[in-house]
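Lettering follows sequence order; numbering is per chain, from 1.
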Number of protein chains: 2
Amino acid sequence: MAITRTGPNMNVIAAALGVSAATVSNALSGKGRVSPELIERIRAKAAEIGYVPSLAARALRTGRTGVLGLVLPDIANPLFPQIAQAIENAASAAGYGVLIADSRGDVAMQTEAINRLIERGVDGMVVVPRRGTRIADVGCPVAVIDTPSTPGNTVAADHWDGGAQMGRHLAALGHRRVVLIGTSSSSNVQNDRIGGLKAGLGPEAECETLWIEKVEAVGGKGCSLGLAENARAGFTAFAAVSDLSALRALTELQRAGIRVPEMVSVTGFDDLVWSPVVTPALTTMRMDMAMIADLAIAALIRVIEPEGEAEEAAAGKVASETDRVPMQLVVRQSTGAPHSGGALNLHAPTSNKPTAGELKS
Amino acid sequence: MAITRTGPNMNVIAAALGVSAATVSNALSGKGRVSPELIERIRAKAAEIGYVPSLAARALRTGRTGVLGLVLPDIANPLFPQIAQAIENAASAAGYGVLIADSRGDVAMQTEAINRLIERGVDGMVVVPRRGTRIADVGCPVAVIDTPSTPGNTVAADHWDGGAQMGRHLAALGHRRVVLIGTSSSSNVQNDRIGGLKAGLGPEAECETLWIEKVEAVGGKGCSLGLAENARAGFTAFAAVSDLSALRALTELQRAGIRVPEMVSVTGFDDLVWSPVVTPALTTMRMDMAMIADLAIAALIRVIEPEGEAEEAAAGKVASETDRVPMQLVVRQSTGAPHSGGALNLHAPTSNKPTAGELKS
DNA sequence: CTGAAAGCGCTTACAG
DNA sequence: CTGAAAGCGCTTACAG
């Protein structure tokens with residue numbers, strides 16, 4: 001039985017022009033030594049008949065599929081869109097497709113997902129590992145995006161420095177007593193951000209770290225974080241280590257009648273889609289996902305595509321040292337000087353507009 | 001030059017056992033007529049040497065890649081994680097991989113993305129079309145997820161009915177004057193939701209529809225929506241057609257000192273991750289993404305995998321009639337009876353806890 | 001500059 | 001129940 005292909009193959013071009021398939025291949029790939037006029041004629045014919053190369057055949061022949069895998073700890077993570085978009089972009093710019101795999105937050109499924117990708121013959125993969133996971137040797141190039149403090153990492157935002165920038169921003173506004181809010185104390189990323197925050201706030205600042213998972217272990221999921229009490233006790237800023245937590249803090253405070261930023265400041269991390277949309281808009285730290293993705297893909301390609309050097313040596317290892325991509329402070333309305341506007345000043349948050357100079361780094 | 005494969009191929013199994021490659025293939029695929037004992041020995045040997053079939057070779061031979069494409073209007077869309085996760089799940093349960101493609105909100109890029117997927121030889125694709133786009137015949141099976149009122153749609157949540165459910169919920173609480181909030185008046189999905197909302201609220205309700213894009217065209221991006229004025233004018237509920245808009249409404253109202261739900265109610269759509277996390281938690285409508293994904297994938301597979309019937313007739317068309325998947329009302333703290341708690345009742349929102357009976361379908 | 005030939009790893013009629 | 005053979009569409013040394 002003849003397998004029906006959707007389009008014509010190389011042979012019809014070759015036949016139509018009275019040349020060999022090898023020449024067509026060489027002409028189309030550009031690397032062959034074919035006369036310019038012939039290349040032109042072949043190109044034209046290919047375009048004319050709507051030739052589309054068979055990636056499957058090429059893959060079988062070359063051993064490379066032109067597909068990269070993206071494995072994520074949990075697709076439901078709100079940060080996922082940014083990552084996926086950046087990776088998809090960088091990959092397709094480099095001529096690669098992206099196959100997604102979801103770990104659903106489970107370590108066993110992460111391994112399974114990685115295996116599925118390997119069976120599908122990906123040329124390499126970028127993995128955002130689940131907390132605490134070490135990616136074993138999988139026999140194909142892997143780029144890990146986590147945090148520079150994770151061993152085996154390839155590229156990541158400099159979370160610690162991001163925390164430090166935010167800490168300095170708050171310190172400069174005059175905040176000395178701040179509540180640091182994270183969700184999980186076992187997260188490297190979150191710990192790095194909190195470490196940076198403390199450093200940026202300086203030794204004279206009084207910091208209290210609140211892990212939501214611990215509060216909820218006692219109070220139940222979705223319970224009050226007791227932030228209003230903190231505010232009344234004199235804390236003037238709430239620095240969350242993710243926008244999600246910042247949003248929770250912001251709405252909890254607002255609901256308790258505490259005005260942001262007039263009475264207390266709130267900051268987040270990651271600049272999720274809705275961060276500029278809430279009132280007051282959230283001051284946050286943004287990762288340069290495009291750059292992170294570019295570096296990850298570049299690292300992968302460096303080992304996938306042989307350049308004449310000894311690429312075998314690096315197989316499975318994609319970079320020896322982690323690239324740290326700086327984060328960018330985005331100052332919006334949710335931060336101001338402590339008690340700047342007063343509790344009753346309802347309609348004049350004008351003093352908190354970000355100035356051009358504040359949007360730095 | 002010999003192409004180095006990572007693992008052993010069929011021939012090494014065949015050689016080790018003194019049988020032919022054809023028999024190995026038949027044994028492993030299960031469809032062949034091979035003796036049970038031989039099948040067992042072949043299976044065992046395959047496992048022993050860690051045989052992994054070459055999908056590229058299989059694809060070349062059968063003309064099917066076992067990969068589906070997922071094309072989205074914009075990966076940055078906050079709903080994307082839900083969709084991607086559901087599709088990835090349904091697809092991998094059916095033995096398919098998922099290749100992602102991002103349109104970045106652009107019609108031209110949507111076409112380009114679709115073409116890239118076709119070049120990669122996907123067996124079919126599910127597309128969430130950009131507003132107003134009709135997916136042309138692409139020569140491969142396509143399942144469209146949009147809204148039942150979109151021509152050519154395959155499967156979708158019943159957005160209109162979702163709106164109606166929400167409208168009835170608000171009407172039952174006693175709301176008669178409600179502001180309907182959407183972002184874009186050219187969105188089929190949003191218009192369906194708004195239509196349902198109006199129907200559910202009933203003819204005696206006074207509705208005012210506010211399109212954010214129009215307000216921003218005048219006031220600038222991120223400007224005030226003037227919701228506090230609406231509240232003071234006597235509107236008691238704000239029904240947004242997405243959680244993102246609901247969040248904007250909620251925080252704008254809170255910031256203006258208007259208490260939710262004591263003074264006004266706010267509702268959203270889609271049940272995004274942060275919806276249960278804000279204070280007060282958002283009442284919203286949830287789509288059954290798992291079911292939508294299952295139906296989309298099933299429709300695709302029905303035409304991809306021939307079952308002996310005339311499948312040619314359906315090529316390119318995946319379903320004749322749209323499957324409507326019901327939405328589910330999720331009642332949380334952001335809705336209550338109009339002015340139930342009074343403006344000054346700060347710490348007793350207990351009357352607004354959802355009861356079991358309210359969480360209906 | 002161009003072509004003939006081999007082969008990537010699989011599956012599928014077909015013959016035995 | 002099992003095997004020999006052909007072929008999916010491409011690329012790559014190699015020879016001319």
Can you list the steps and then say if A:Lys45 with A:Val12 is a side chain to side chain contact (heavy atoms under 4.5 Å, CB included)? CA-CA 10 Å; A:Lys45 194 47 141 189; A:Val12 352; over 6 Å; no
Just the rounded figure in Å: distance from [atom2] of [N] to [atom1] of [X].
X	N	atom1	atom2	value
A:Met10	C:dG3	CE	P	13 Å
A:Leu55	D:dC10	CG	P	10 Å
B:Asn11	C:dC8	CG	P	8 Å
B:Leu17	D:dG3	CG	P	10 Å
B:Arg64	C:dT11	CZ	C1'	12 Å
B:Arg61	D:dA6	CZ	P	13 Å
B:Asn9	C:dG7	CG	P	14 Å
A:Asn26	D:dT12	CG	P	8 Å

Between B:Val19 and B:Ala57, which has a closest nucleotide on DNA chain D that is more 5'?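 Going by which nucleotide is closer to the 5' end, it is B:Val19.
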A:Glu40 and A:Arg43 ion-paired at < 4.0 Å: no
Please examine the side chains of A:Asn89 and B:Arg104, heavy atoms only from C-beta on, and report whether any two atoms are closer than 4.5 Å.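 Touching, per the 4.5 Å side-chain cut-off.
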Tell me the partner of D:dA4, counting only Watson-Crick (N1-N3 plus N6-O4 or O6-N4) or G-U wobble (N1-O2 and O6-N3) with both under 3.5 Å; none if nothing fits.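 D:dA4 is unpaired by these criteria.
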So, is [X] near the phosphate of [N], with a side-chain N or O under 4.0 Å from OP1 or OP2?
X	N	value
B:Ser54	C:dC8	no
A:Thr23	C:dG3	yes
A:Ser25	D:dT11	yes

Candidate nucleotides D:dC10, C:dT2, C:dA4, ranked by approach to the side chain of A:Arg58 - the nearest: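 Closest nucleotide among those given: D:dC10.
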The side chain of A:Thr62 lies closest to which of these nucleotides: D:dC10, D:dT11, D:dC8?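 Closest nucleotide among those given: D:dT11.
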Return the minimal non-hydrogen interatomic distance between A:Asn77 and A:Leu79, and the atom names on each side.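 Minimum heavy-atom separation between A:Asn77 and A:Leu79: OD1-N, 2.7 Å.
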Using only heavy-atom distances, determine whether the side chains of A:Asn188 and A:Thr147 contain a donor-acceptor pair under 3.5 Å. no
Taking the nucleotide of DNA chain C with the closest heavy atom to each, which residue, B:Ala22 or A:Ser20, is nearer the 5' end? A:Ser20
